[in-house]
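This report concerns only the one structure given below.
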Amino acid sequence: MSETTGRLAVFKTYKLYVGGKFPRSESGRVYEVTDSKGTWLANAPLASRKDARDAVVAARKAFGGWSGATAYNRGQILYRVAEMLEGRREQFTAEVAAAEGLSKAKAAAQVDAAIDRWVWYAGWSDKVAQIAGGANPVAGPYFNLSSPEPTGVVAVLAPQDSSFLGLVSVIAPAIVTGNTVVVAAAENAPLPALSLAEVLATSDLPGGVVNILSGRTAELGAPLAAHQDVNALDLAGADEELAKELETAAADNLKRVLRPAAPNWTADPGTGRLLSFLETKTVWHPMGV
C-alpha cells in the first residue's frame, strides 16, 4: 500500500507478444527485472524454446501479407507507430531511465531519438528500391532489371546496452522492407520492449509482423539460429562467445547473419540495416515485346 495515497499498488503484468496476442510463457516461468541499482521493477515472462518456435510460426504466417503490402502502406503503418510512441513518451522515458540508470533528461533524449528514428525508417519504405535496385546495362536486346525483396523471417537479438533506441534501430529497418521479425528483448532490461509490444498491438501493424520475447538471450538464440524457417539472424545483442556459437548453428541451414561490431546507437544509422535483409531479384525481358 502506498503511504502517500493510502491505495494498494497496482503492479503491471508484462507478457510476451506473439502473433498479435499477449500470451504468458508456455512454461509459466518468470524472472525478476531490476533497475540499475538492483531495485525490483517487475517480473517478466521467461520465454522458452516452445515460445520461440510459436513466434516463428506467427512471423511466417504474417510474412505473405506484410511483404505483399505496398511500400507506401508499410510506411504509413510505421509512421502511425511513431505517433503512438510520441503519445506514450513519458512512460517510455520512465522505463528507459529505470532500465539504463539514466537521468530523466538523458532517458527522454533516448526516447526522442528512438521515435525520430522510427519516423526516419518509415520514410525509407518507398525509397529503398531506388538505392537497392535499378536497370542494369547488358549486351543484347534485353531489359535487365534488379529489384529488392525481403529475406523473410528475421530473428533479432536486441541490443543489451540500449533497451529502447537500440531496439527500435534493429526492428524498424527489418520490417519496413517487408520482413517479419522475432525479437529477443534485452535480457536485463526487457520492459521497454514489452511496452513497445502494447503500442504495436494497438497500431495498424498486422499481428505476427513483430513478435517480442523476453528471457535468456542464449536460451532463445539457440533455437532461433537452428530453426529451418528462420531466414536471417541479427546478432546485435549477442556477446562474442554467443555470436560465434549462433553463427555456427546458422551456417548449418545457410541463414543470412548480421554480426555488427559494437555500434553506436546514437549515430546516424545509414542504410546498412535496411539493405542487410534484402534479396535481389533480377528479371530479363526482351526489348520490343
Side-chain angles (χ1 to χ4, degrees), residues 17-21 55-88 92 113-134 145-156 158 164-183 185 193 195-212 229-234 236 256 258 268-283:
Y17 183 54
V18 177
K21 299 179 180 179
V56 173
V57 171
R60 177 58 62 191
K61 184 177 180 181
F63 176 69
W66 182 243
S67 61
T70 65
Y72 178 71
N73 181 236
R74 287 199 298 268
Q76 284 184 312
I77 290 173
L78 262 69
Y79 188 79
R80 173 59 180 158
V81 173
E83 289 179 337
M84 298 182 70
L85 289 173
E86 185 71 32
R88 296 176 65 166
F92 282 102
I115 297 171
D116 291 348
R117 185 153 300 174
W118 198 281
V119 173
W120 187 80
Y121 276 120
W124 273 103
S125 63
D126 56 357
K127 302 173 184 66
V128 69
Q130 278 66 55
I131 64 169
L145 306 173
S146 293
S147 60
E149 293 188 341
T151 296
V153 175
V154 181
V156 178
F164 192 55
L165 176 57
L167 177 77
V168 166
S169 299
V170 295
I171 293 178
I175 64 172
V176 73
T177 51
N179 298 291
T180 56
V181 299
V182 176
V183 183
S195 290
L196 173 63
E198 297 171 0
V199 171
L200 299 178
T202 52
S203 70
D204 298 325
L205 192 74
V209 172
V210 176
N211 305 274
I212 299 178
D229 207 24
V230 172
N231 303 106
L233 185 63
D234 186 341
R256 176 175 293 212
L258 177 63
D268 184 342
T271 58
R273 285 186 174 275
L274 279 168
L275 305 178
S276 292
F277 302 116
L278 288 174
E279 309 287 346
T280 301
K281 178 177 71 176
T282 301
V283 177

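Remark: the backbone N or O of Val209 is not paired with any side-chain donor or acceptor of Thr180 at under 3.5 angstrom. Of the possible donor and acceptor atoms, none in the side chain of Asp234 sits under 3.5 Å from a partner among the backbone N and O of Val170. Asn73 contributes no side-chain N or O that, together with a main-chain N or O of Thr70, makes up a donor-acceptor pair within less than 3.5 Å. In terms of modelled atom types and a separation under 3.5 Å, the side chain of Asn231 and the main chain of Val153 share a donor-acceptor contact. Proximity of a side-chain donor or acceptor of Asn179 to a complementary backbone N or O of Gly152 within less than 3.5 Å is detected.
Annotation: side chain of Val176 is in contact with side chain of Leu274 (closest heavy-atom distance under 4.5 Å). Side-chain contact between Leu167 and Val183 is present, with heavy atoms from C-beta onward closer than 4.5 Å. For the pair Val128 and Thr271, the minimum side-chain heavy-atom distance is 4.5 Å or more. Contact check for Arg80 versus Met84: side-chain heavy atoms found under the 4.5 Å cut-off. Between Ile77 and Tyr72 there is no side-chain heavy-atom pair separated by less than 4.5 Å. Considering only heavy atoms from C-beta on, Trp66 stays 4.5 Å or farther from Pro150 through its side chain.
Between Val81 and Ser203, the shortest heavy-atom distance links the atoms CG2-OG, 3.6 Å. Nearest heavy-atom pair, Ser67 versus Gly178, reported as atom, atom and distance to 0.1 Å: CB-O, 3.6 Å. Among all heavy-atom pairs drawn from Asn211 and Ala55, the shortest one is ND2-O, 3.7 Å.
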Exercise for the section: Show your working on side-chain contact (heavy atoms from CB on, under 4.5 Å) between Leu258 and Arg273 and close with a plain yes or no. Expected result: CA-CA 9 Å; Leu258 177 63; Arg273 285 186 174 275; 3.2 Å; yes

Exercise for the section: Before giving the answer on side-chain contact (heavy atoms from CB on, under 4.5 Å), spell out for Arg256 and Leu233 the whole-Å C-alpha distance, their side-chain angles and the decisive distance to 0.1 Å. Expected result: CA-CA 6 Å; Arg256 176 175 293 212; Leu233 185 63; over 6 Å; no

Exercise for the section: Could you give me the CA-CA distance, side-chain angles and deciding distance for Val230 and Val182, then say whether side-chain contact (heavy atoms from CB on, under 4.5 Å) is met? Expected result: CA-CA 9 Å; Val230 172; Val182 176; 6.0 Å; no

Problem - Residue pair Val210, Ile175: steps toward the side-chain contact (heavy atoms from CB on, under 4.5 Å) verdict - result: CA-CA 8 Å; Val210 176; Ile175 64 172; 3.9 Å; yes

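For Ser195, the side chain to side chain donor-acceptor pair (under 3.5 Å) partners are Lys12, Gln91, Glu95, not counting sequence neighbours.
A side-chain donor from one of Ser146 and Thr282 sits under 3.5 Å from a side-chain acceptor of the other.
Listed by first and then second residue, the side-chain hydrogen bond (donor to acceptor under 3.5 Å, both in side chains) pairs involving residues 116-134 are Arg117-Ser169 (not counting sequence neighbours).
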